[in-house]
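Here the structure is a predicted model, which means the values were calculated and not measured. So you know, we letter chains A, B, ... as the sequences are listed, proteins then strands, and number each from 1.
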Number of protein chains: 2
Amino acid sequence: MSDSATGSKRKDARRNQQALLDAAAAVFVTAGVEAPVRDIAAKAGVGIGTIYRHFPTRADLVIAVYRHQVEACAEAGPALLASSPTPYAALESWADLFVDFLVTKHGLATAMRNDSTGFETLHAYFLDRLLPVCAQLLEAAAASGEIRADLDAYQLMRGIGNLCVGAETDTRYDARRLVALLVAGLRRRVG
Amino acid sequence: MSDSATGSKRKDARRNQQALLDAAAAVFVTAGVEAPVRDIAAKAGVGIGTIYRHFPTRADLVIAVYRHQVEACAEAGPALLASSPTPYAALESWADLFVDFLVTKHGLATAMRNDSTGFETLHAYFLDRLLPVCAQLLEAAAASGEIRADLDAYQLMRGIGNLCVGAETDTRYDARRLVALLVAGLRRRVG
DNA sequence: TTGCAAAGCGGAACCGTGTTCCGTATCTTT
DNA sequence: AAAGATACGGAACACGGTTCCGCTTTGCAA
């Protein structure tokens, strides 16, 4: 994942990398994840070349900015499983958490679906980190008999991600609710 | 919606418009809905200016190309309601139909979510035409007591559309199934 | 048939974005 | 202080959408 690991020899390089991370975080909030690279560079007070040296692809930058939150989301999985009354309840809560994360990051979900720019890496990162967590929740809920076992974690993750697309720019659309409905669709009937 | 209504004075203008529609349809199949405008113009054997004169925005072109199929989808709603055993079954079938339409049009769903180019018009067209149909199905199924009545047609439409994003480029992802699950989530429990 | 105004055409040119590349500046080490 | 390594900046290029305007075609009228 590039040299995002903050370990460089030169002081200016480290300073610039941090400046870029800060600038990117700020710009992402106001202008969305797809903000022009030039804007981020400008905000950080560095040239365009510098941004590309530190983060070879846009995805690397986005990942670096959101790494902590993705990590938190991943760690919440097992935690919820331990603290919830049933595995299904844990799955519900985790889905909520994940949706919140996607929706509050202006355009993140949309960006990840955008075939255009090299966002496949981003997609891959999310999958790598969160798929196992989702799978664990899904399996637990299936094992407890609360849900059907015929949907794999990959599809559920993609489905949740997709439902979040554009959620932040449309007040008539409530992604969290639709995701809840989707998860509810997994539930065995009769209950 | 522009002069898409094939009524022009000059013969060459009408010919070119048809050539553009044919070319666009062909290119959409092979290169997706987001194919470069230049490619479509080239395929039709006309200049770039011509394409913009006939279809002021990309969306107008896309709409013109798919108008028939959208129409068919709209008309299928009432028909299914009449021919299905229950309103809920009709809703299920219609969702399937709609998903098929979106998924088989290379990138249509994705394009509609793409904030970038003027695809809002496209979005608006789909909504105008299909929302009432969806609403009717939803209301019927709610009235029959098969589903909960607390999700409006707009959100369901958006949800279905979103679930179809990227479905054609990922063999591990089955949009139809997820949409079925979402619809199932509407169902009242207990059965 | 011919003339001519209206309608339509083509594509060069412009804009905004991502990305590359290399001469120059800065840092670190000795 | 000098030299080598490292990083920087931003001009330049690629690409796709869109505009604009001089030129061509068409159809009507004389």
Pairing of E71(B) and R129(B) as salt bridge, 4.0 angstrom limit: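 Salt bridge: yes.
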
Tell me whether the OP1 or OP2 atom of [N] has a side-chain N or O from [X] closer than 4.0 Å.
X      : N      : value
N16(B) : dG8(C) : no
T50(A) : dA7(D) : no
H54(B) : dC9(C) : yes

Nearest-neighbour nucleotide for the I48(A) side chain, dT19(C), dG10(C), dC9(C) considered: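 Given the options dT19(C), dG10(C), dC9(C), the side chain of I48(A) is closest to dT19(C).
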
Nucleotide nearest Y52(A) when distance is taken to its side chain, options dG11(C), dC8(D), dT20(C):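 Selected nucleotide (nearest to the side chain): dT20(C).
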
Separation between CG of L138(A) and CD1 of I147(A), rounded to the nearest 0.5 Å: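 Output value for this atom pair is 4.5 Å.
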
Pair of N/O donor and acceptor under 3.5 Å linking dG18(C) base with R38(A) side chain: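 For R38(A), whose side chain was compared with the base of dG18(C), there is a donor-acceptor pair (under 3.5 Å).
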
Integer-rounded Å distance: [N] [atom2] and [X] [atom1]:
X      : N       : atom1 : atom2 : answer
I51(A) : dA7(D)  : CD1   : P     : 17 Å
F55(B) : dG17(D) : CZ    : C1'   : 17 Å
R53(A) : dC22(C) : CZ    : C1'   : 11 Å

Pair H54(B)-Q17(B), side-chain donor/acceptor within less than 3.5 Å: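 Looking only at side-chain atoms, Q17(B) and H54(B) do form a donor-acceptor pair, the distance falling under 3.5 Å.
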
Where do N or O atoms of nucleotides 23-27 of chain D meet protein N or O atoms at under 3.5 Å, pair by pair?
from, atom 1, to, atom 2, distance (Å)
dT25(D), O2, R10(B), NH1, 3.0
dT25(D), O2, R10(B), NH2, 3.0
dT26(D), O4', R10(B), NH2, 3.3
dG27(D), OP1, K11(B), N, 3.1

